[in-house]
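Working notes for the structure below.
So you know, we letter chains A, B, ... as the sequences are listed, proteins then strands, and number each from 1.
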2 protein chains.
Amino acid sequence: MEKPEDLARTMTLLWRRTLGSPQGTRGPKQRVSVDEVIRAGIAVADADGLPAFSMRKVADRLGLKLMSIYTYVPGRSELIGLMVDEVIGEVPHPPHRGDWRARLEGVARHQWDECHRHPWLLQVESSRPWIGPHGCDRYEWQLAAVEGEGLSDLDMDQVITMIANFTAGAARSSILARRTVEDSGISDVEWWEANAPILEKVMPPGAYPLSGRVGTAAGEEYNAVSDPDRSFRFGLDRLLDGVEVLLRANRREHRIRGVEEP
Amino acid sequence: MEKPEDLARTMTLLWRRTLGSPQGTRGPKQRVSVDEVIRAGIAVADADGLPAFSMRKVADRLGLKLMSIYTYVPGRSELIGLMVDEVIGEVPHPPHRGDWRARLEGVARHQWDECHRHPWLLQVESSRPWIGPHGCDRYEWQLAAVEGEGLSDLDMDQVITMIANFTAGAARSSILARRTVEDSGISDVEWWEANAPILEKVMPPGAYPLSGRVGTAAGEEYNAVSDPDRSFRFGLDRLLDGVEVLLRANRREHRIRGVEEP
DNA sequence: ATAATTTTCCGTAAGGCATACGGAGTTTAA
DNA sequence: TTAAACTCCGTATGCCTTACGGAAAATTAT
C-alpha cells in the first residue's frame, strides 16, 4: 500500500535536519515549511485525536488549501510518522542520574508524561515503523539507563521493552479513563440513570462477591472507578522489584563462577 | 455525543441473554438476529481491522442493505461495544489451578491469546466502557486468581490491573510487529533498499554505540528486529517476581504483628 | 532577454464512510 | 377492519483521502 518512492521521501524528511535540503531551487517558494506542517499536525491531533485528524484541518490551520499539503508530505500516514518523531524529540532526554532504579523510573516517567501530553501517540498504528532521528536517540538513551549493571545485551533490550510495554498499557488505560470523564457528551448522572435500573435487574446480590467487595474498597479509596496514576506507580514498583531479583540472580551467578565484582 | 436512550438500549442488548427479549411483537419479523449481527461484525473486524470496519460490510455479510443494520443496533460504536463483550465470553474462563503464580500466568495468557485472536480489541476506544455480562465475569475471575494470598482488597485490584496493563502493552507491540511483516504492501527488501542509503549517510559509525551493540545481539538471537512472544514471557516473569516480593513483605508484616499464618 | 524547466498551489472529481429522515410494506393488537 | 408498530431500505448530507491536471511563479539554459 506504500510506494517505495514515498518511503525514501519520508526518510529524507525525517532526517531533514541532518541531511539539509538538497532540492533544486526552481519554482515558487513554499509558503510555509515542513516543520510548520508537522507542528500544525501535532496541534490538530492534540486537539481532536487521531481519528478526527484530517489533512483539511492541517491545511486550514496553515491558511493553505487542502491539496497543497501534499506538496509538503506524501500523505496522511507519512505525516503522522513525522509527527511522532517530532514529538519524541520535543522534551530532551535528561542525563541519567542515581542508581539503576532511579534511572529506569525516569525512563518510564518520560514515556508516561509524553503519552499524556500527546494522547494520540498510542493511537498510531503505522504499517512500518519509521526510523527517525529522535526515535534512535530515544532507544540509545533508554539502553544507557541499564548499561553497566551486569545484564547481558539481550536482557538489556528485554528490560527496556518490558518497561515500555507496561508504560504504554498503563498510559492507555489512563487516557481512556480521562476521555471517559472529559468528552463523552453524557454526564455521569445520565450514565447512571440509564445503567442503574438495568444493572439492578441483572445483577442479583451476591452474584459477583469478589468484584463487589474489591470494587467497593477501590471506589472508596479512589473516589472513582480507577486511579490510573496510582496504578502506574504500583505496577512500576513491582516491575522494578522484579528487575532487582534478576540483577541479584545475575550477581550471584557471577560470584559462583568466580567473577570479580566492584 | 451519545444519546441516553441509545445507552439504555445498548445495555439491554448487552444483557439480552439475562433479560430476554421484552419487545412488542408487532411488525415484520427480523430477518436475522442481533447475535448474527454481532458475529458478522466480529468476522469483519477480524478480517479487516477496526479502521476498515464498516456498517456496509456487516450488512453485506448478512445479505441486508446498509440501513437495516440500524434496526438491530443503535450505531457503529455501540455495535463495537457489543462485539467486545461477545469476544470476552468466547473462550470460557478455566477454573483456577495451582499456586498464585500459575493462576496469574493463566490470567495473563488468556488475555494475550484473546488479543491475538481478535487484534482489533486493542484498537477499541469507546467513550464509555460498557458494563456487559462477560466483562463482569472476567473481572470476577481475575480477582479469584489472587484471592486468599494475604493481599488487601486494594492490592488485589492493583495486581490485576498491572497484569492487564502489561499484557495489553505487550500484545500491542506483538500485533503491530505482526502487521508490519504481513500487510504492509512493501517487501522487506524494498524497505531496506529505500532506507539503507539514507541510514548509512545519516548514522556515522559509532553514533549509537549501545543501540548498535544491543541491536546486533538482539537481531542475531531473534532473527528479527524483535521477538514479541519472548518479550511477553520475560516481562511477565519479572512482574510475577515483583508480586512475590510484595507477598513476602506482606507475610513478614503479618508475622511481626503476630497474625497467624496457614 | 527569452525560452525551457521545475515546482507550488489548488480546483475538481472519484470513491469511501456514518447516519438522519422518511416511505413502503408487513404483522399484530384493538 | 382499522390503527399501530415495526422492518427494510432509498436518498441525501456532509465528512474523509487522494489521483489528476492546470495555472502561475521562479529559476536555469540559451
Side-chain angles (χ1 to χ4, degrees), chain A residues 1-3 5-6 9-10 12-13 21-34 36-37 40-41 44-45 48-81 83 120 123 125-127 185, chain B residues 1-3 5-6 9-10 12-13 21-34 36-37 40-41 44-45 48-83 123 125-127 185:
Chain A
M1 286 291 147
E2 188 112 35
K3 276 179 263 171
E5 72 256 28
D6 284 351
R9 184 169 164 212
T10 309
T12 63
L13 285 172
S21 309
Q23 343 168 359
T25 50
R26 262 185 242 208
K29 297 274 175 279
Q30 294 190 309
R31 299 219 187 131
V32 299
S33 65
V34 186
E36 283 176 279
V37 173
V44 170
D48 301 349
L50 216 51
F53 168 87
S54 76
M55 298 299 262
R56 164 148 274 134
K57 286 179 187 167
V58 176
D60 285 351
R61 188 173 282 261
L62 292 167
L64 294 176
K65 294 302 163 83
L66 171 58
M67 287 313 292
S68 302
I69 302 299
Y70 288 89
T71 62
Y72 292 85
V73 294
R76 182 183 194 268
S77 79
E78 290 83 0
L79 173 53
I80 292 172
M83 286 157 54
W120 48 271
Q123 301 177 307
E125 317 218 8
S126 67
S127 50
Chain B
M1 285 290 150
E2 189 112 35
K3 277 179 259 171
E5 70 257 28
D6 284 351
R9 184 168 164 215
T10 308
T12 64
L13 286 172
S21 308
Q23 343 169 357
T25 50
R26 258 184 246 208
K29 296 276 177 278
Q30 294 190 307
R31 298 216 188 137
V32 298
S33 66
V34 186
E36 284 176 277
V37 173
V44 170
D48 301 349
L50 215 53
F53 168 87
S54 76
M55 298 300 262
R56 164 146 275 136
K57 287 179 186 168
V58 176
D60 285 351
R61 189 173 279 262
L62 292 167
L64 294 176
K65 294 303 162 100
L66 171 59
M67 287 314 292
S68 302
I69 301 299
Y70 290 88
T71 62
Y72 292 85
V73 294
R76 182 184 194 268
S77 80
E78 290 83 0
L79 173 52
I80 292 172
L82 292 165
M83 287 157 53
Q123 301 177 308
E125 318 218 8
S126 66
S127 51

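With sequence neighbours excluded, no residue forms a side chain to side chain donor-acceptor pair (under 3.5 Å) with B:Ser126. Residues passing the side chain to side chain donor-acceptor pair (under 3.5 Å) test with B:Ser33 are B:Glu36, sequence neighbours excluded. A:Ser77 pairs by the side-chain contact (heavy atoms from CB on, under 4.5 Å) definition with A:Glu2, not counting sequence neighbours. Listed by chain and residue number, A:Lys3, A:Pro74, A:Glu78 satisfy the side-chain contact (heavy atoms from CB on, under 4.5 Å) test with A:Asp6 (two or more places apart in sequence, or in another chain). For A:Ala40, the side-chain contact (heavy atoms from CB on, under 4.5 Å) criterion is met by A:Val58, A:Arg61, A:Leu62, not counting sequence neighbours. In this view, A:Thr71 satisfies the side-chain contact (heavy atoms from CB on, under 4.5 Å) rule with no residue, not counting sequence neighbours. Residues meeting the side chain to side chain donor-acceptor pair (under 3.5 Å) test with A:Asp60, sequence neighbours left out: none.
Comparing A:Tyr72 and B:Ala52 by the nucleotide of DNA chain C whose heavy atom lies nearest to each, the residue mapping closer to the 5' end is A:Tyr72.
A donor-acceptor pair is defined here as one N or O able to donate and one able to accept, closer than 3.5 Å; such a pair exists between the side chain of A:Tyr72 and the backbone of A:Val32. Proximity of a side-chain donor or acceptor of B:Arg56 to a complementary backbone N or O of B:Met67 within less than 3.5 Å is not detected.
Here the P atom of nucleotide C:dT7 and the CZ atom of A:Arg9 are 11 Å apart, to the nearest Å. Whole-Å rounding puts the A:Gln30 CD to C:dT6 P distance at 17 Å. Look at CD1 on B:Ile69: it is 9 Å from P on D:dC9, rounded to the nearest Å. Computed from coordinates, the A:Asp6 CG to D:dT18 C1' distance equals 11 Å when rounded to whole Å. Rounded to whole Å, the distance from CG on B:Asp48 to C1' on C:dG16 is 14 Å. A straight line from CG of A:Leu79 to C1' of D:dC16 spans 15 Å, rounded to a whole angstrom. Between the CG atom of A:Leu66 and the P atom of C:dC9 there is a distance of 13 Å, rounded to whole Å.
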Mark up nucleotides 20-30 of chain C, 5' to 3', with B wherever a protein heavy atom is under 4.0 angstrom from a base atom, S wherever such an atom reaches only the sugar-phosphate, and - elsewhere.
-> BB---BBBBS-

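Residues from residues 53-65 of chain A that place a heavy atom under 4.0 Å from any atom of DNA chain C, listed by number: A:Leu64, A:Lys65.
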